[in-house]
Protein chains: 2
Amino acid sequence: MKFPKIPMAAINRLSIYIRALEELEEQGTKVISSERLAKQCGVNPAQIRKDLAYFGEFGVRGVGYRIEDLIREIKEILGLDRTWNIAMIGVGNLGSALIRHGNFIKHGYVFAAAFDIDPHKIGKRLPNGLVIHHIDDLEKVVKECDIHIGVIATPASAAQSVANQLIIAGVNGILNFAPAQIQVPECCHVENVDFTIKLDSIAYHLSTSGT
Amino acid sequence: MKFPKIPMAAINRLSIYIRALEELEEQGTKVISSERLAKQCGVNPAQIRKDLAYFGEFGVRGVGYRIEDLIREIKEILGLDRTWNIAMIGVGNLGSALIRHGNFIKHGYVFAAAFDIDPHKIGKRLPNGLVIHHIDDLEKVVKECDIHIGVIATPASAAQSVANQLIIAGVNGILNFAPAQIQVPECCHVENVDFTIKLDSIAYHLSTSGT
DNA sequence: CCCTCTATGTGATTTAATTCACTTTAATAA
DNA sequence: TTATTAAAGTGAATTAAATCACATAGAGGG
């Protein structure tokens, strides 16, 4: 396959595949067909094959995919064959819960710094040992700790300004939990985790499906 | 316009529009064109007009949209002209942070019940006054509190079983924070808030854009 | 060594979503 | 009252994504 544009949705599905594959591996399964994996992930088998085909040929015709190999390949594709240092900006309810939450650590993401603007919090230590820095020290600490990804867990009103500071500090990956659309230059990649939108979507579906 | 299938993405955008509109209203703006709103939301103006056209004609040609009216109309479309009772299942780091978090309450969502499986937590009160029930009492409490939406904030391994219990209890809207694909019958609507996928997506983009 | 079987890899097709570009309509001013 | 203007509404065109369906190739048995 040549150099087609890769749909974002395909990238997201790779994460889902990897989860299913790791579960299968734990159960001792060695090989799986696109059909069975598709069933487990709730997608179309051709979709899996096409998603993988964007990046190479990882299967064995007539047999399927060797799970161990495929996990390694997908991790390499996604850039999960290394660690990523994360900074949390906003250590309120949500921010501190996310730091304590185990799911970040699973795949090589490491919380390496935390920031807030509340004078009462600055200098305090989080349960995991991180010191809370003032947001004004962002650029300095980002350099010191080699931060790759910023997680915004501030109120919506602060999100854009925090994003600006992250970009100035050279952070090109942002995970935004604030319910706000933030504008960033081309070089920076933003993902929004916006559960208010999801809730509204549920409300819409409940309203319309006559429940 | 007749009865076209409405893209899910259009529904999600309505939430984004409403946010921008409420901000504009606070600033005292009365009327806005699709072009200016589009700029603010980072989308194409025709997209806004088409999204709204799925549901009716809300603008004034040559003028724009009256903000107050449009907010009311979109709220009605999404089913936000009422309150929705929410149950939190899993009162760990994330669950309790979400309950304390203000964004749920903004648009008529009310936490009306909380559940866990840890015996140490059952019977305790959360800061907002909610008593933590055992998950086995789900069906009973859902009836008593008239719960419409369940939020799953358990480990991935428990997500499917919790979803099953919610459905048995008659809850047809689920917001799933666990990193797991859950299977539900047609009648039930699930939205996933999966920040591990989003993080992987960021890792992919950082890896490929040579940073 | 060849034949069969099975599941991948992929060009072609279908389906869906987005954007364009034009038509319509309301407001305003002459 | 009529001309002008601005922006909504919308059919058509475009672009993108998902699915189908078949050609292909490796594995294993005879």
Side-chain angles (χ1 to χ4, degrees), chain A residues 1-17 20-21 24 29-71 73-74 77 181 197 201 204, chain B residues 1-17 20-21 24 29-71 73-74 77 181 197 201 204:
Chain A
M1 182 166 271
K2 311 196 307 293
F3 303 105
K5 269 198 296 334
I6 294 159
M8 178 65 99
I11 301 296
N12 291 333
R13 280 189 296 269
L14 291 184
S15 297
I16 294 175
Y17 303 156
L21 290 167
L24 287 162
T29 316
K30 297 291 183 199
V31 173
I32 193 162
S33 67
S34 61
E35 187 164 338
R36 290 217 300 130
L37 183 59
K39 187 159 290 169
Q40 182 150 342
C41 298
V43 302
N44 182 296
Q47 180 116 77
I48 292 183
R49 299 200 296 276
K50 185 139 280 189
D51 287 345
L52 294 173
Y54 288 124
F55 302 99
E57 303 195 4
F58 306 116
V60 183
R61 296 184 190 208
V63 178
Y65 299 92
R66 285 202 14 94
I67 288 177
E68 193 189 330
D69 293 352
L70 189 54
I71 289 174
E73 295 283 4
I74 296 180
I77 291 165
Q181 296 311 106
I197 290 177
S201 169
Y204 169 77
Chain B
M1 186 166 269
K2 312 200 304 294
F3 303 105
K5 270 199 296 329
I6 295 159
M8 179 64 100
I11 302 296
N12 291 333
R13 281 190 297 267
L14 291 184
S15 297
I16 294 174
Y17 302 157
L21 290 166
L24 287 162
T29 317
K30 298 293 182 195
V31 173
I32 194 163
S33 66
S34 61
E35 187 162 338
R36 287 217 301 132
L37 183 59
K39 187 157 290 172
Q40 184 150 343
C41 297
V43 301
N44 182 297
Q47 180 115 76
I48 292 184
R49 299 199 298 274
K50 185 139 280 190
D51 287 344
L52 295 172
Y54 289 125
F55 302 99
E57 303 195 3
F58 306 116
V60 182
R61 295 182 191 209
V63 178
Y65 299 93
R66 282 202 15 95
I67 288 177
E68 192 189 330
D69 294 353
L70 189 54
I71 289 174
E73 295 283 5
I74 296 180
I77 292 165
Q181 299 308 107
I197 290 177
S201 169
Y204 169 77

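Sequence lines set the chain letters: A, B, ... in the order given, protein chains first and strands last, and positions in each chain run from 1. Worth knowing before you read on, the calculation uses all heavy atoms, side chains too, and leaves out hydrogens, waters and symmetry mates.
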Colleague: Looking across every strand, which nucleic acid part, if any, lies under 4.0 Å from A:Arg36 by heavy atom: base, sugar-phosphate, or nothing?
Modeller: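 No contact.
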Colleague: With nearest nucleotides of DNA chain D determined for A:Val60 and B:Val60 from heavy-atom distances, which residue corresponds to the more 5′ nucleotide?
Modeller: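 Of the two residues, B:Val60 wins.
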Colleague: Please determine whether side-chain contact (heavy atoms from CB on, under 4.5 Å) holds for the pair A:Phe55 and A:Ile74, giving the CA-CA distance in whole Å, both sets of side-chain angles, and the decisive distance to 0.1 Å.
Modeller: CA-CA 9 Å; A:Phe55 302 99; A:Ile74 296 180; over 6 Å; no
Colleague: Please determine whether a side-chain nitrogen or oxygen atom of A:Arg13 lies at a distance below 4.0 Å from atom OP1 or OP2 of D:dA18.
Modeller: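 Answer yes for this pair, as a side-chain N or O of A:Arg13 is under 4.0 Å from OP1 or OP2.
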Colleague: For C:dA17, take OP1 and OP2 only and decide whether either is under 4.0 Å from a side-chain N or O of B:Tyr54.
Modeller: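 Answer is no, no contact under 4.0 Å.
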Colleague: Is the shortest side-chain N/O distance from B:Lys50 to OP1 or OP2 of C:dT18 below 4.0 Å?
Modeller: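 The answer is no; no side-chain N or O of B:Lys50 sits under 4.0 Å from OP1 or OP2.
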Colleague: May I ask you to verify if any side-chain N or O of A:Ser33 is less than 4.0 angstrom from the OP1 or OP2 atom of C:dA7?
Modeller: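 No.
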Colleague: D:dA7 C1' sits how many Å from B:Leu37 CG, rounded?
Modeller: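 Whole-Å distance recorded here is 13 Å.
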Colleague: Report the distance from atom CD1 of A:Ile6 to atom P of D:dA17, rounded to the nearest whole Å.
Modeller: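 That distance rounds to 11 Å.
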Colleague: Atom CD1 of A:Ile48 to atom C1' of C:dA7: distance rounded to whole Å?
Modeller: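 It is 13 Å, rounded to the nearest whole Å.
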Colleague: How do A:Ala46 and B:Glu35 order along DNA chain D: which one's closest nucleotide is nearer the 5' end?
Modeller: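 Its nearest nucleotide being more 5', the pick is B:Glu35.
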Colleague: Would the number of heavy atoms belonging to other residues, nucleotides or ligands and lying under 6.0 Å from CD of A:Glu35 be above 12?
Modeller: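 No - once you tally the heavy atoms of other residues, nucleotides and ligands closer than 6.0 Å, there are 12 at most.
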Colleague: What integer distance in Å separates A:Gln47:CD from C:dT8:C1'?
Modeller: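 Distance, rounded to whole Å: 16 Å.
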Colleague: Show, in sequence, the C-alpha distance, side-chain angles and deciding distance for A:Leu70 and A:Leu52, and conclude whether the side-chain contact (heavy atoms from CB on, under 4.5 Å) test is met.
Modeller: CA-CA 10 Å; A:Leu70 189 54; A:Leu52 294 173; 4.1 Å; yes
Colleague: Expressed in angstrom and rounded to an integer, what is the separation of B:Leu14 atom CG from C:dA17 atom P?
Modeller: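 So the two atoms are 14 Å apart, to the nearest Å.
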Colleague: Do A:Arg61 and D:dT24 have a side chain to base donor-acceptor pair shorter than 3.5 Å?
Modeller: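 Yes, a donor-acceptor pair under 3.5 Å.
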Colleague: Could you state the atom-to-atom distance from CZ of A:Arg66 to P of C:dA7 in whole Å?
Modeller: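 Going from CZ in A:Arg66 over to P in C:dA7 covers 17 Å.
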Colleague: Could you check whether atom CZ of A:Arg13 has more than 12 heavy atoms from other residues, nucleotides or ligands sitting under 6.0 Å from it?
Modeller: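 More than 12 within 6.0 Å, yes.
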Colleague: Which of these nucleotides, C:dC20, C:dT10, C:dT18, is closest to any side-chain atom of B:Ala9?
Modeller: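 Looking only at side-chain atoms, B:Ala9 lies closest to C:dT18.
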Colleague: Taking atom CD as the centre, does A:Gln40 end up with more than 12 heavy-atom neighbours from other residues, nucleotides or ligands that are less than 6.0 angstrom away?
Modeller: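 Yes, because the 6.0 Å sphere around CD of A:Gln40 holds more than 12 heavy atoms from other groups.
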Colleague: Between P on C:dA17 and CG on B:Asn44, what's the gap in Å once rounded to a whole number?
Modeller: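 After rounding, the gap between these two atoms is 16 Å.
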Colleague: How close or far is atom P of C:dA26 from atom CD of B:Glu57, stated in whole angstroms?
Modeller: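 Answer to the nearest Å: 9 Å.
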